[in-house]
Amino acid sequence: MTSRTHTQVAEESRGRWVALGLWGLRTGRAIGDVAWRAWRTVASVTTAAGWAVIAWTVVGLIVGLVWGWGEFLIGAVVGLVLLIIAVPFLLGREAYEVDFRLLQDAVVAGHDAQAEIVVRNQRSRVALPGQVDVPVGEGLVDFHVPLLRQGHAHHEPLVIPAAKRGIVDVGPATTIRADPLRLLQRTFHWADVQTLFIHPVTIAVPSTSMGFIRDLEGRATRTLSNEDISFHAVREYARGDAQRQIHWKSTAKTGTLMVRQFEETRRSTLSIVIDVERESYASDTEFEMAVSAAGSLGVRAVRDARDVQVVASGEVPEFARASVRSLEHLNVTTPRRLLDSLSGIEAAASAVPLASLTRMLVEVSPDTSLAFLVTGSRASLPDIASAALAFPTDVAVAAVVCDPESEPSIHAMGRTRILSVGVLDDLRQLLARSAS
């Protein structure tokens, strides 16, 4: 009986210690979470100047209390007072309400985009002057907000530079509340991030697409079919042939049932292949010209309601280039969608070479009837010829070589036409010359 009593007492004591340990663990976690949130809050509102004052205050207190240096202690007290005075400037809600919007979400490279910011004072007192910042990509556009009375609004037009092709995130608009010494500051975000597409420069090119393919219904192939549009010949009737294909005049002449035979036709598909391998281009200017040339050809084909596909190689890590291939199809449903996709094309050192890209294209899309290979001045003629040979012999292939230092010219290399383009407008003239 006594033994069981001691055992029960020991178990109860052990249970209390376990419960106390669990309580301590939960309390420690709660305190840690609170401390972490407090640290994040302090870090989010403290500027570089504020951290300097905090460091000076801590060092001054340590040196002043440990070694008794009164000057350091006075400096620490001054720093602490400045921090305490700065805190009330962060309290309360922002005096402004900011509405930001892009007036146009797509522009051509070299033309500035227009935006507008409306700042309203919805409070019951006067709003002091302030500043609104708008992040634009890696840059920042800011403007000054004057003193606003109750219910008044300030309209500010903004000009967003769009000198280079790309896809830029604009916003959100931010306002900053800070103390006069900028030790502490609080940032308010307004509206959402908006996307600005900066399209490549394009030109109008002839709609004949070099005059290679002029048919509307499709192109004939060497594959024979029992039913199609392009008539080929007549042959003797075989079991299973449709009776509606019997050619009665030939049957009457030969005395044997004869049926029509057709050449299979396919839709004329225009394929535009963009070489994005950095080694193919001598400069960024060449690559931008290549993207503009591809965009001009693609937009013309889409507006002509032709079957068109625009492809580029995806980026592949250097160690996997021998075993991994990547092909990216751009959106060509409308000219705007195509230009949006071209806005994000970038040259890459680890891109799939042009010859491999055309082989992949033939594997996934065998219906190409006309192909444009768009590349730079450093792409060698053997590489271009190898890329062109990936297409079947009945496919017309043209290579657009962008070289600002060359004269516009067009010449044949086997069954491939090489168009050397010095400026973008040369493309229109060379295509018109070829079509005529």
Original post:
Among L270, V302, L431, which one satisfies side chain to side chain contact (heavy atoms under 4.5 Å, CB included) with L297?
Top reply: L431

Subject >> Step-by-step side-chain contact (heavy atoms from CB on, under 4.5 Å) determination, V310 to I274 >> reply: CA-CA 8 Å; V310 181; I274 307 175; 3.8 Å; yes

Original post:
Is R359 close to S356 at the side-chain level, that is, under 4.5 Å between some pair of heavy atoms?
Top reply: yes

Original post:
Which pair of non-hydrogen atoms, one from T368 and one from V395, has the smallest distance, and what is that distance?
Top reply: O-CG2, 3.1 Å

Subject >> 4.5 Å side-chain heavy-atom contact, F372 and V397 >> reply: no

Original post:
Below 4.5 Å, heavy atoms only, C-beta onward: do L373 and V400 meet side chain to side chain?
Top reply: no

**OP:** Taking Q194 for its side chain and L102 for its backbone only, find out whether a donor-acceptor pair lies under 3.5 Å.
**Re:** yes

**OP:** Kindly indicate whether the side chain of L83, heavy atoms from C-beta on, has any atom under 4.5 Å from the side chain of I54.
**Re:** yes

**OP:** Please assess R165 against E288 for the test salt bridge (charged side-chain N to carboxylate O under 4.0 Å, His left out), listing each intermediate value before the final yes or no.
**Re:** CA-CA 8 Å; R165 178 186 57 84; E288 291 302 319; 2.8 Å; yes

**OP:** Provide the closest heavy-atom pair for L330 versus S341 in the form atom of the first, atom of the second, distance.
**Re:** CG-CB, 3.7 Å

Subject >> Any side-chain donor near an acceptor of the partner, E328 and S313, under 3.5 Å >> reply: no

Subject >> Under 3.5 Å donor-acceptor, E286 side chain and S377 backbone >> reply: yes

Subject >> D112 versus P161, closest heavy-atom pair with distance >> reply: OD1-CA, 3.4 Å

Original post:
What distance do L354 atom CG and E279 atom CD have between them, rounded to the nearest 0.5 Å?
Top reply: 13.0 Å

Original post:
T358 side chain to A390 main-chain N or O, any donor-acceptor pair under 3.5 Å?
Top reply: no

Original post:
How about R415: does its CZ atom have over 12 heavy atoms from other parts shown lying under 6.0 Å from it?
Top reply: yes

Original post:
Are E116 and R101 ion-paired here, with the side-chain N under 4.0 Å from a carboxylate O?
Top reply: yes

Original post:
If every non-hydrogen atom of A398 is compared with every non-hydrogen atom of L419, which pair is closest and at what distance?
Top reply: CB-CD1, 4.2 Å

Original post:
So does R336 have more than 12 non-hydrogen atoms from other groups sitting under 6.0 Å from CZ?
Top reply: yes

Original post:
Hey, what do you get for CG (L327) to CG (L361), rounding to the nearest 0.5 Å?
Top reply: 6.5 Å

Original post:
Got a donor-acceptor contact below 3.5 angstrom from the D426 side chain to the G422 backbone?
Top reply: yes

**OP:** State whether the side chain of W56 and the backbone N or O of G79 hold a donor-acceptor pair below 3.5 Å, judged by distance alone.
**Re:** no

Subject >> Beyond-backbone contact of V170 with V134, side-chain heavy atoms, under 4.5 angstrom >> reply: yes

Original post:
Hey, what do you get for CG (L430) to CZ (R417), rounding to the nearest 0.5 Å?
Top reply: 11.5 Å

Original post:
Just wondering, are more than 12 heavy atoms of other shown residues or ligands nearer than 6.0 Å to NE2 in H329?
Top reply: yes

Original post:
Will you find, in the side chains of D275 and S280, an N or O donor that is under 3.5 Å from an N or O acceptor?
Top reply: yes

**OP:** Examine distances only and state if a side-chain atom of N331 and a backbone atom of T333 form a donor-acceptor pair shorter than 3.5 Å.
**Re:** yes

Subject >> Interatomic distance, R120 atom CZ to H155 atom NE2 [nearest 0.5 angstrom] >> reply: 6.5 Å

**OP:** Working to the nearest 0.5 Å, report the span between OG of S369 and CG of D394.
**Re:** 9.0 Å

Original post:
Using the ring of each side chain (for Trp, its six-membered ring), is W51 parallel, tilted or perpendicular to W39, with breaks at 30° and 60°?
Top reply: tilted

**OP:** Output yes when D304 and R300 qualify as a salt bridge under the 4.0 Å nitrogen-oxygen rule, no when they do not.
**Re:** yes

Subject >> Sidechain-backbone polar pair: T57 side chain, V53 backbone, donor-acceptor under 3.5 Å >> reply: yes

Original post:
Does atom CG of D284 have more than 12 heavy-atom neighbours from other groups under 6.0 Å away?
Top reply: no

Original post:
Which pair of heavy atoms, one from L183 and one from T47, lies closest together, and at what distance?
Top reply: O-OG1, 3.0 Å

Subject >> Intermediate values then yes/no, side-chain contact (heavy atoms from CB on, under 4.5 Å), L82 and I84 >> reply: CA-CA 5 Å; L82 291 177; I84 294 174; over 6 Å; no

**OP:** Output, in order, the C-alpha distance, side-chain angles, deciding distance and verdict of side-chain contact (heavy atoms from CB on, under 4.5 Å) for L184 and T46.
**Re:** CA-CA 5 Å; L184 304 178; T46 306; 3.8 Å; yes

Original post:
Among side-chain atoms of R337 and T334, is any donor-acceptor pair under 3.5 angstrom?
Top reply: no

**OP:** Check whether any side-chain heavy atom of Q309 sits under 4.5 Å from a side-chain heavy atom of T269, and report yes or no.
**Re:** yes

Original post:
After noting the C-alpha distance and the side-chain angles of D169 and T195, does the key distance pass the side-chain contact (heavy atoms from CB on, under 4.5 Å) rule?
Top reply: CA-CA 5 Å; D169 290 332; T195 302; 3.7 Å; yes

Original post:
Hey, what do you get for CG (L424) to OG1 (T202), rounding to the nearest 0.5 Å?
Top reply: 8.0 Å

**OP:** Verify the distance criterion only: is there a donor paired with an acceptor across the side chains of S343 and D340 at less than 3.5 Å?
**Re:** no

Subject >> For I198 against A109, the heavy-atom pair lying closest together >> reply: CG2-CA, 3.6 Å

Original post:
Within a strict 4.5 Å, meaning less than it, do heavy atoms of the E156 and V119 side chains meet?
Top reply: no

**OP:** State, with a plain yes or no, whether a side-chain heavy atom of I418 is found less than 4.5 Å away from one of I410.
**Re:** no

